[in-house]
2 protein chains.
Amino acid sequence: MGVRDRNRAEVTAKILEAARAEIAERGGVGLSMRAVARDAGLASSAIYRYFPTREALLTAMVIESYAHLDEALRQPEGWAALAHATRDWARAFPHEYQLIYGTPIPGYAAPPETIPSAERVARHFLEAVGDHDVAGFDTPELAEQMARLAGEDGSRSGAAAVLAELAALTGFVSLELAGHFVGTADPADALFQAMVARQGRTLGTH
Amino acid sequence: MGVRDRNRAEVTAKILEAARAEIAERGGVGLSMRAVARDAGLASSAIYRYFPTREALLTAMVIESYAHLDEALRQPEGWAALAHATRDWARAFPHEYQLIYGTPIPGYAAPPETIPSAERVARHFLEAVGDHDVAGFDTPELAEQMARLAGEDGSRSGAAAVLAELAALTGFVSLELAGHFVGTADPADALFQAMVARQGRTLGTH
DNA sequence: ACAAATAGAGAGCACCGCTCTTGTAAACGC
DNA sequence: GCGTTTACAAGAGCGGTGCTCTCTATTTGT
């Protein structure tokens, strides 16, 4: 790796850093290639040498955000702790959260290379639940679909239930961030607590 | 109401229709005032006589979408039927769904006038569950927050549980629309069915 | 030392939200 | 009936966007 490549890596890092700041402030849809280029000290055209399209830069940011969330879920143990950590992280970095779990940016479909990052996050929750079965999620179709995710010795109904409860978790956080609870469950802490407790009962985490 | 006003109403309707088509095709974030004006047969500047900002037009579309969903939930009875109708509607009109339950458009906060429309949708689900209590959602904080939503003779823990399960429902649909189930629960019908059944058990709908 | 590959800058295209000015036609007051 | 006010539509324009093309300077491999 020559000087050329090192410089290239440095400039790339600078672009990513600028993009991170832009997203933190204005969100994913508001990400402007020109603004990022400006912040990185480049002409607006030069940024396309590093990221051929806005979409490519966005993809890099999605992967970064997954890694960031993954890190936030390293030490919490058990479903409830993971759920609370996820909500806390989402409220601390709402734009990063929405980059991952929010409405896909139009014309932007999550590219395959983000899937491993997404799965790494899900693994925390799968491990927290362990390998026991969950009643109601043990249908033949689900068993077939969950085979890969559950692995050799994991419970397939458990994996299905975890997926469903992850949907509930992200749904709750998304609604909260969007302000849908304002007239009713605001602040939403009590409702969240009750929901997480219900999830524990559903998943058999006790 | 003179001829003047009638014309104004007609042009407004034309604009809304064009906006509806634009959103159906390109989504809320992709809504372009200029494109809508073109479709409505107006100069790009003339549209601002009817909707002072893009945000105002978007708000009108949000209210329309709520009404559209509300209509789709008129005849289904019971939680499971309502849940399936919601998912079906979301898959038929994904951009309208995301306009309502997706990531808020940056710089756009759901204005207060959309709240009644949102509540009208929620009412379907509240009525489906009825007025019985739901274990685990009967904390003092929730009781206080749910007082208005539950009404005089409604169950407050029931209302809280409905809110939580609505979050689960929208979370599931949002993840499905965003393609998050692609590597795992795809198609997501079986998982959805299992989740709805679980919701029925949680809410005591039988 | 020289050809090839690479990085950056600048101009430009077609689009965006929005504003300001100008022309016109309908409604109103007398 | 006529002048005035008011509503509306159009056009030009501002500063922004993603992205491309061309041109120049620098670094690289040989």
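Quick note on labels: first sequence line is chain A, next is B, and so on, each numbered from 1.
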| task | Inspect the contact between A/Arg20 and A/Glu96 and indicate whether a charged nitrogen and a carboxylate oxygen are less than 4.0 angstrom apart. | result | no
Answer yes or no: is there a side-chain heavy-atom contact under 4.5 Å between [X] and [Y]?
X        : Y       : answer
B/Val36  : B/Met33 : no
B/Leu58  : B/Leu99 : yes
A/Thr170 : A/Tyr97 : yes

Using atom [atom1] of [X] as one end and atom [atom2] of [N] as the other, report the distance to the nearest whole Å.
X       : N      : atom1 : atom2 : result
A/Arg38 : C/dG8  : CZ    : C1'   : 17 Å
A/Lys14 : C/dG8  : NZ    : P     : 11 Å
A/Met33 : C/dA14 : CE    : P     : 21 Å
A/Arg49 : C/dG10 : CZ    : P     : 14 Å
B/Glu22 : C/dG17 : CD    : C1'   : 14 Å
B/Phe51 : C/dC18 : CZ    : C1'   : 16 Å
A/Arg54 : D/dG16 : CZ    : P     : 17 Å

| said: Under 4.0 Å from OP1 or OP2 of C/dG17: is there any side-chain N or O of B/Ser32 that close? | reply: yes
By nearest atom, which of the nucleotides [options] is closest to the [X] side chain?
X       : options                : result
A/Arg8  : C/dA7, C/dC18, D/dC19  : C/dA7
B/Tyr48 : C/dC18, D/dT20, D/dA10 : C/dC18
B/Tyr50 : D/dC8, C/dA9, D/dA10   : D/dC8
B/Ser45 : D/dG18, D/dG11, C/dG17 : D/dG11
A/Val11 : D/dA10, C/dA9, C/dG8   : C/dG8
B/Leu42 : D/dG18, D/dT17, D/dA10 : D/dA10

| query | Checking B/Arg198 against A/Phe137: charged group under 6.0 Å from the ring centre and within 45 degrees of the axis? | reply | no
| Base, sugar-phosphate, or nothing: which does A/Ile47 touch, judged by heavy atoms less than 4.0 Å apart? | nothing
| message | Students often get this wrong, so: under 4.0 angstrom with heavy atoms, is A/Leu31 touching a base, only sugar-phosphate, or nothing? | response |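 Contact class for A/Leu31: sugar-phosphate only.
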| task | Nearest-nucleotide wise, let me know which of A/Gly41 and A/Arg34 is further upstream toward the 5' end of DNA chain C. | result |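 Taking each residue's closest nucleotide, the earlier one in sequence belongs to A/Gly41.
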